[in-house]
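One structure is given below, encoded as structure tokens.
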Amino acid sequence: MDEMRKSMDGLLHQLHGTNEYNQYCDVLSRVKNDADLYRRIGEFRRGSLWIQMQEGEDFIAKNNELQKEFSDLQENGLAREFFAAEHQYVAMVRELQNQFLQGVQLDISFLSE
């Protein structure tokens with residue numbers, strides 16, 4: 001187990017050295033300097049996550065409504081930069097997660113049923 005923890009520490013160290021991680025941290029830091037913007041982004045992210053977790057056919061309508069409610073964020077350069085950086089970072093983490101799950105051969109087929 002100690003060997004695996006060392007490997008995980010090494011992987012995390014490498015992850016922290018990636019452009020995706022560093023760009024995300026940099027933009028997040030700048031967003032946090034603007035309390036109102038940080039709050040609005042958090043509200044949008046909560047709403048988006050809530051919509052994504054709901055089952056139903058009105059996903060597109062709810063998403064369009066959310067986009068309209070937070071249209072000011074699309075006009076804010078820092079907010080757009082944050083969402084782009086977050087997207088790139090999450091995509092990288094998702095790829096690592098998928099690779100890990102495939103490598104350990106954990107049966108997660110029940111998730112897609």
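These numbers come from the heavy atoms of this one structure, side chains and all, not from hydrogens, waters or symmetry mates.
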Results of side chain to side chain contact (heavy atoms under 4.5 Å, CB included) for Asp2 - residues two or more places apart only: none
Going from CD1 on Ile41 to CG on Asp36, what distance comes out if it is rounded to the nearest 0.5 angstrom? 11.0 Å
Side-chain donor-acceptor distances from residues 3-14 under 3.5 Å, at least two apart:
from : atom 1 : to   : atom 2 : distance (Å)
Ser7 : OG     : Glu3 : O      : 3.2

Got more than 12 heavy atoms from elsewhere within 6.0 Å of CG, Asp58? yes
Answer yes if Met53 and Phe59 sit in the same cluster of Ile, Leu, Val, Met, Phe, Trp and Tyr residues linked by side chain heavy atoms under 4.5 Å apart, and no otherwise. no
side-chain hydrogen bond (donor to acceptor under 3.5 Å, both in side chains): pairs with one or both residues in residues 61-79, sequence neighbours excluded: Arg40-Asp72
Are Ile60 and Trp50 connected into the same hydrophobic cluster when the rule is that any two of I, L, V, M, F, W, Y join if their side-chain heavy atoms are below 4.5 Å apart? yes
When rounded to the nearest 0.5 Å, the distance separating CG of Leu78 from CG of Leu37 is 5.5 Å
Looking at residues at least two apart in the chain, or sitting in another chain, which of them share a side chain to side chain contact (heavy atoms under 4.5 Å, CB included) with Tyr38? Leu28, Val31, Lys32
By salt bridge (Lys or Arg N to Asp or Glu O under 4.0 Å) - contacts of Arg39 (at least two apart): Glu43
Heavy atoms of Asn22 and His16 approach each other most closely as ND2-O, 3.1 Å
Ignoring hydrogens and angles, write down the donor-acceptor pairs under 3.5 Å from the side chains of residues 82-104, residues two or more places apart or on other chains.
from  : atom 1 : to    : atom 2 : distance (Å)
Glu86 : OE2    : Arg45 : NE     : 2.8
Glu86 : OE2    : Arg45 : NH2    : 2.4
Asn98 : ND2    : Arg94 : O      : 3.4

